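Source: prediction; values computed, not measured. Numbers here are sequence positions counted from 1.
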Amino acid sequence: MSQTVIVFEEDCILAAVGKEGKQPAITKARRIELRGQGDAFQRWQQALKGLEEEWKQTPARLVLPANFCASRVLTLPFGKGKQLQAMAVRELEDSFRNETADYSELFTEKKSCIDLCAGGVEAANLESFLEICKSAGLPVGGMTVPMEGYLRVLRQLDSYWDRTAIYLFFEEDSMLSVLGQNGRYVYSSRSRLFSEPGTLDFGTEIVRSISGILQFSGNKQNLDITEVYYAGCPADDFEVSVEGIQNLNLRVFPMAAGKGVSLPGGMKAQDWLPCIGALVSRGRKEKRINLYQVLKASAEKEEKQKGIWKHFLVPAAVLGICLILTGITVGFQLRAGQRIRQQLDWIEDPKNEQGYREARALQGTLSRLEDSLSQLMRTGQNLEGYPEFSSGMLRKIESIGGGGMDLRIIGYDAKTGVLTFDAVSGDVIDIPSYIQSLQDTGLFHEVDYTGYTFENEWYTLSLSGTLEGNAEKQAPEGGKS
């Protein structure tokens, strides 16, 4: 049975129809460029409406854009069936607290461990993708993240199983770098590419990213990286980085991702890797990421719980209101009777007349003091409403690296909330730990590592992070990006 795959990217949509399997066979494929500017969901919706009805006959598997997804590779103790599922659910709850998440199985070493690819997307964003598909008349059967497809593609390569190598996947203005060792995922990072493809600056960005992975591998044992493979970038554009990579004692090869994969005439496998990855399968029983089913199950569970409560809600509400009204009435009566008795006793005592006059005078003074205090409190509240000065936030970021690391701010984009900065240290920086520490501050929605340099005995780590508050403000209609 054929499967329709729809891949959402920043400036286009990739659509393909093919047969799933270890070596997928794509029968037709189409690239749709997005028109205009503005809201991403509206542009994707317009592109989907341009698909002919023949593309909409069967439920499609959606590959969501990387900037909407969070991906992790988790290693768990070996387990099967319900035992593995229970362990995976606990890990997902810890790793994806604010997203709808699911997992697929990558690698199993019997009686030892199992590697899972986990992906999460905020529920509001998943619902927005479902809405634009429904508006375009496209039925949906599954939703996944790009990382799952790329790792499935790597499992088809011989080089992934018998050596330690870096694999580069290019997507328009970004690059995913994956470090693999003998069939096991080790590390990955996603970098934004700011330079024009084919320029010297473009090559420098690629080499800098690879240098960062080499630094990471230098802190690990038995990671002797020998090759770099790339896909999704024309050889002429990638050529500017080859010499720099070779200077790092690495060999460079284009990724032979098309081995055994069938495509329509004239099409190159490298241009359709996200679609190919979504079609790679080892059998019907294989566990795959399907965020659509998770979201659907969650909604059904919530609706069922609401239905149960509806049977008890009206009687409980009526009983509660009656008890509250009865309690209030009785309480008022008791308090009113007590106050009347106290006031009569006080009025009938002649000794209290002078005290009564003094109390009235004090009451007037107290009233004036309360007015003054109220004005002061309103003034304090207005002052507290001013935004916190950003130097405190910067000091918090700088403190992550300790006294031996300096923070250099490169730029800040107020519209997107992206803060670009360098971390400078005379000692080797543990990149993964430092990035995780930045994430743990709660200041950033996402931290991207773009590489490092070593000059005059100083390490300079280049990073960019989307601040948490600004990320919420910049969320597209229907969800947070």
Side-chain angles (χ1 to χ4, degrees), residues 1 3 5 20-22 24 59-64 68-127 129-130 139-156 160-161 178 180-188 277-309 311 436:
M1 181 177 178
Q3 171 70 56
V5 175
E20 292 182 323
K22 294 182 179 180
R61 178 175 296 136
L62 309 184
V63 180
L64 305 183
F68 280 76
C69 306
S71 302
R72 306 278 191 280
V73 173
L74 309 173
T75 300
L76 304 181
F78 177 76
K80 292 182 178 180
K82 294 183 178 180
Q83 180 189 24
L84 174 61
Q85 184 179 9
M87 290 190 296
V89 168
R90 287 196 297 269
E91 287 293 331
L92 292 180
E93 291 174 349
D94 291 339
S95 300
F96 303 91
R97 298 184 180 181
N98 300 319
E99 296 93 358
T100 298
D102 197 13
Y103 69 95
S104 65
E105 299 177 14
L106 285 180
F107 175 85
T108 300
E109 189 171 325
K110 291 186 178 181
K111 299 182 180 181
S112 177
C113 64
I114 182 168
D115 291 344
L116 306 179
C117 175
V121 179
E122 292 187 2
N125 285 332
L126 293 176
E127 291 170 354
F129 282 107
L130 291 175
V140 176
M143 306 170 80
T144 184
V145 298
M147 177 66 82
E148 181 189 26
Y150 287 131
L151 293 179
R152 286 179 177 274
V153 168
L154 288 181
R155 290 179 61 84
Q156 307 303 106
Y160 187 66
W161 294 96
V178 178
Q181 181 186 33
N182 297 331
R184 297 287 300 277
Y185 168 98
V186 178
Y187 172 76
S188 66
L279 292 172
V280 173
S281 173
R282 288 176 289 175
R284 293 183 178 180
K285 295 184 179 181
E286 181 183 22
K287 177 70 178 73
R288 307 183 67 149
I289 293 177
N290 192 338
L291 300 175
Y292 171 66
Q293 290 295 339
V294 176
L295 182 69
K296 184 179 178 181
S298 177
E300 290 174 351
K301 181 179 179 181
E302 184 177 350
E303 190 64 29
K304 185 177 180 181
Q305 290 175 340
K306 288 181 179 179
I308 294 174
W309 276 104
H311 294 290
Q436 186 61 51

As an exercise, state the distance from CE of M87 to CD of Q85, rounded to the nearest 0.5 Å.
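Rounded to the nearest 0.5 Å, the CE-CD separation comes to 11.0 Å.
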Measuring from atom CE of M143 to atom CG of L295, what distance do you get when rounded to the nearest 0.5 angstrom?
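Here the rounded value is 7.5 Å.
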Determine the minimum heavy-atom distance between [X] and [Y], stating which atoms define it.
X    : Y    : value
G141 : Q293 : O-NE2, 4.2 Å
S104 : R152 : CB-NH2, 4.1 Å
L92  : A118 : CD2-CB, 3.6 Å
N290 : G142 : OD1-CA, 3.2 Å
Y160 : G180 : CE1-CA, 4.0 Å
A278 : V5   : CB-CG1, 3.8 Å

[X]: which residues meet the side-chain hydrogen bond (donor to acceptor under 3.5 Å, both in side chains) condition with it, sequence neighbours left out?
X    : answer
Y103 : none
T100 : none
Y187 : none
K296 : none

Looking at D102 and R288, does any basic side-chain N land under 4.0 Å from a carboxylate oxygen?
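The answer is no: the pair does not qualify as a salt bridge.
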Just to verify, what does R282 make a salt bridge (Lys or Arg N to Asp or Glu O under 4.0 Å) with, not counting sequence neighbours?
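Residues passing salt bridge (Lys or Arg N to Asp or Glu O under 4.0 Å) with R282: E286.
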Check salt bridge (Lys or Arg N to Asp or Glu O under 4.0 Å) between K22 and all other residues, then give those that pass, not counting sequence neighbours.
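K22: no salt bridge (Lys or Arg N to Asp or Glu O under 4.0 Å) contacts found.
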Could you tell me if the side chain of [Y] sits less than 4.5 Å from the side chain of [X], heavy atoms only?
X    : Y    : value
Y185 : V178 : yes
V145 : L291 : yes
T144 : L62  : no
Y292 : F129 : no
E105 : L84  : yes
F78  : T108 : yes

What residues, two or more places apart in sequence or in another chain, satisfy side chain to side chain contact (heavy atoms under 4.5 Å, CB included) together with Q436?
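Partners of Q436 under the side chain to side chain contact (heavy atoms under 4.5 Å, CB included) test: Q439, D440.
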Side chain to side chain contact (heavy atoms under 4.5 Å, CB included) with E109: which residues, sequence neighbours excluded?
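Checked E109 against side chain to side chain contact (heavy atoms under 4.5 Å, CB included); matches are F107, S112, C113, R184.
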Walk me through whether Q181 and V186 qualify under side chain to side chain contact (heavy atoms under 4.5 Å, CB included).
CA-CA 7 Å; Q181 181 186 33; V186 178; 3.8 Å; yes
Check the pair L64 / N125 against side chain to side chain contact (heavy atoms under 4.5 Å, CB included), numbers first and verdict last.
CA-CA 10 Å; L64 305 183; N125 285 332; over 6 Å; no
Side-chain polar contacts of residues 69-77 - donor-acceptor pairs under 3.5 angstrom, sequence neighbours left out - could you list them?
residue: T75; atom: OG1; partner: D115; partner atom: OD1; Å: 2.9

Would you say E148's side chain and I289's backbone share a donor-acceptor pair under 3.5 angstrom?
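Judged by distance alone, yes, a pair lies under 3.5 Å.
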Tell me the salt bridge (charged side-chain N to carboxylate O under 4.0 Å, His left out) pairs involving residues 74-97, sequence neighbours left out?
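The answer is none; no pair qualifies.
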